[in-house]
2 protein chains.
Amino acid sequence: MRVLVVEDFEVLARTVGKGLRREGMAVDVVLDGADALDRLAVNRYDVVVLDRDLPGVHGDEVCRRIVAARSSSRVLMLTAASTVKQRVDGLGLGADDYLPKPFDFEELVARIRALARRPSSALPSVYEHADLTLDPARRVATRGGRRLELTPKEFGVLECLLAADGRPVSAEELLERVWDEAADPFTTVVKTTIRRLRGKLGTPDLIHTVREAGYRIGAL
Amino acid sequence: MRVLVVEDFEVLARTVGKGLRREGMAVDVVLDGADALDRLAVNRYDVVVLDRDLPGVHGDEVCRRIVAARSSSRVLMLTAASTVKQRVDGLGLGADDYLPKPFDFEELVARIRALARRPSSALPSVYEHADLTLDPARRVATRGGRRLELTPKEFGVLECLLAADGRPVSAEELLERVWDEAADPFTTVVKTTIRRLRGKLGTPDLIHTVREAGYRIGAL
DNA sequence: GGCGCGGTGACACCACGGTGACAGCCGCTG
DNA sequence: CAGCGGCTGTCACCGTGGTGTCACCGCGCC
């Protein structure tokens, strides 16, 4: 599997590159957008791991080019901006997946593998779980074909749970991802939001509570 | 559509800028090459209308830079030199089109529109959504066969929403695309324009509000 | 039993988006 | 030139639903 890593923070770039090679991938690393485009013109990559904030040619622009060129490469966008809003922006550009920094290396590997497995091009970047679907770009979630009327926070939480794909997500992590800024550490918003989400989903135990660890999307 | 006009003859520059705005484009005007490069570093333009003979940084140089930066902007070169040879020179630098002075304003508009359409040339040149149609080139929108009398801004907003194809478009994004860059960040124009648009469309919820995320054209 | 964690329902706040009125600007026309 | 009308943008105001807090409850565990 061929992977191109585009990341201007050199230390991170090299670390990621080395790690992925250890996972058996053929990895090229470049440090800016212009170089990335050069490589893309010459080589065929399965997955492009793309930092959004790049000097010179911005990551968004690189992404747009890849999509415009109808390349078969999947794009995994990395970004420091983890708010739901910015996430939507990224996917709107045509990225196939999205990973907010800081990320767990294992998760990066898993997502790259998942992307590489995807049959072909413009797969809708939509989460599916049983009869539940969530489209981050369009901000639409459905259950059994019926549209769910979710508020932004509820949507964000559900998105995180689906992205975690069965792994439990702690309240702190949810706070950090969905509520961005420094939040009151004693807040109880998360549990309240989870409760409301459960209510709207109908089946309360679709979201499973893992004691001391958080919540995970359940195998029904 | 965002356009940057680079022309050192101030009267001409202002006239062209004004005219293009009347055509519904978001236009920035600068009078020399250095300013042009500054703007290009910050903003994303669909088309750059570039006079070839500029004081300071020459138009050719600006063009070369744009191409070198692999910007997505298309370059329309304006010049007093109309011989075939020089024309070839211009295109050789990477310009996408070429218009000898003096030119017909209508033709300028037509060429800009053509350039803006080019990257996604395979795309249909007219948007359709349910009983709504919008033709960007001819600036005509209809609903259920009846022509809609839209102002330029309203038209621009609707065009953006249709181009986003169901994805929500934030107020900031609309501001950037439909209005020019010097936009007051606290302005409320967008919501007012949306309101007027909704009024003219008849069905207010054809444009759906997605809280915190923007507006989307919406079935569903 | 007491403690800690998570679920529950109620409540209050306020930020966001909708609304209507108005004013400046500009081009057109007489 | 004055007068007019259409397009834009601003502002003040309102209603509402999204959001966060709190008190309380229920349950399982040491």
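A note on names: the letters A, B, ... follow the listed sequences, proteins ahead of strands, and every chain is numbered from 1.
- Remark: of the listed residues A/T151, A/V157, A/L148, A/T192, A/V157 is the sole one forming a side chain to side chain contact (heavy atoms under 4.5 Å, CB included) with A/L197.
- Put simply, CD on A/E172 is 13 Å from C1' on C/dG6, counting in whole angstrom units.
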Expected string for nucleotides 15-30 of chain D under the B/S/- scheme (protein heavy atoms, under 4.0 Å, primed atoms plus P, OP1, OP2 as sugar-phosphate) is ---SBBB---------

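- The interatomic distance linking B/L201 (CG) with C/dG18 (C1') rounds to 16 Å, in whole Å.
- Taking a cutoff of 4.0 Å between a charged side-chain nitrogen and a carboxylate oxygen, A/D135 and B/R167 do not qualify as a salt bridge.
- Nearer to the 5' terminus of DNA chain C, by closest-nucleotide assignment, is the contact made by B/G214 (compared with the other of B/K18 and B/G214).
- Distance CD1 (B/I194) to P (C/dC16): 17 Å, rounded to an integer number of Å.
- Of the possible polar contacts, none joining the B/R211 side chain to the A/P152 backbone as a donor-acceptor pair under 3.5 Å is found.
- Regarding contacts with the backbone of C/dT8, a side-chain N or O of A/R195 is found under 4.0 angstrom from either OP1 or OP2.
- The interatomic distance linking A/L197 (CG) with C/dT8 (C1') rounds to 16 Å, in whole Å.
- With respect to B/D60 and B/R52, a salt bridge is recorded, a charged nitrogen being found less than 4.0 Å from a carboxylate O.
- The CZ atom of B/R216 sits 14 Å away from the P atom of C/dG17 (whole-angstrom rounding).
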Which side-chain N or O atoms in residues 10-25 of chain B pair as donor and acceptor under 3.5 Å with protein atoms at least two apart or in another chain?
{"residue": "B/E10", "atom": "OE2", "partner": "B/R14", "partner atom": "NE", "Å": "3.3"}
{"residue": "B/E10", "atom": "OE2", "partner": "B/R14", "partner atom": "NH2", "Å": "2.9"}
{"residue": "B/T15", "atom": "OG1", "partner": "B/V11", "partner atom": "O", "Å": "2.7"}
{"residue": "B/R21", "atom": "NE", "partner": "B/D180", "partner atom": "OD2", "Å": "2.9"}
{"residue": "B/R21", "atom": "NH2", "partner": "B/V27", "partner atom": "O", "Å": "3.0"}

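- An OP1 or OP2 oxygen of C/dC16 is reached within less than 4.0 angstrom by no side-chain nitrogen or oxygen of B/Y215.
- C/dG6 atom P lies 17 Å from atom CG of A/D205, rounded to whole Å.
- Nucleotide C/dG6 holds its P atom 15 Å from the CD1 atom of A/I207, rounded to whole Å.
- Of the residues B/E149, B/E159, B/E154, the one that meets the salt bridge (Lys or Arg N to Asp or Glu O under 4.0 Å) test with B/R139 is B/E159.
- The separation between B/L174 atom CG and D/dT8 atom C1' is 16 Å, rounded to whole Å.
- At the heavy-atom level, B/R198 lies under 4.0 Å from the strands shown only through sugar-phosphate atoms.
- Residue B/T209 places no side-chain N or O under 4.0 Å from the OP1 or OP2 atom of C/dC16.
- Checked by atom type and distance alone, the side chain of B/D51 never pairs as donor or acceptor with a backbone atom of B/L54 at under 3.5 Å.
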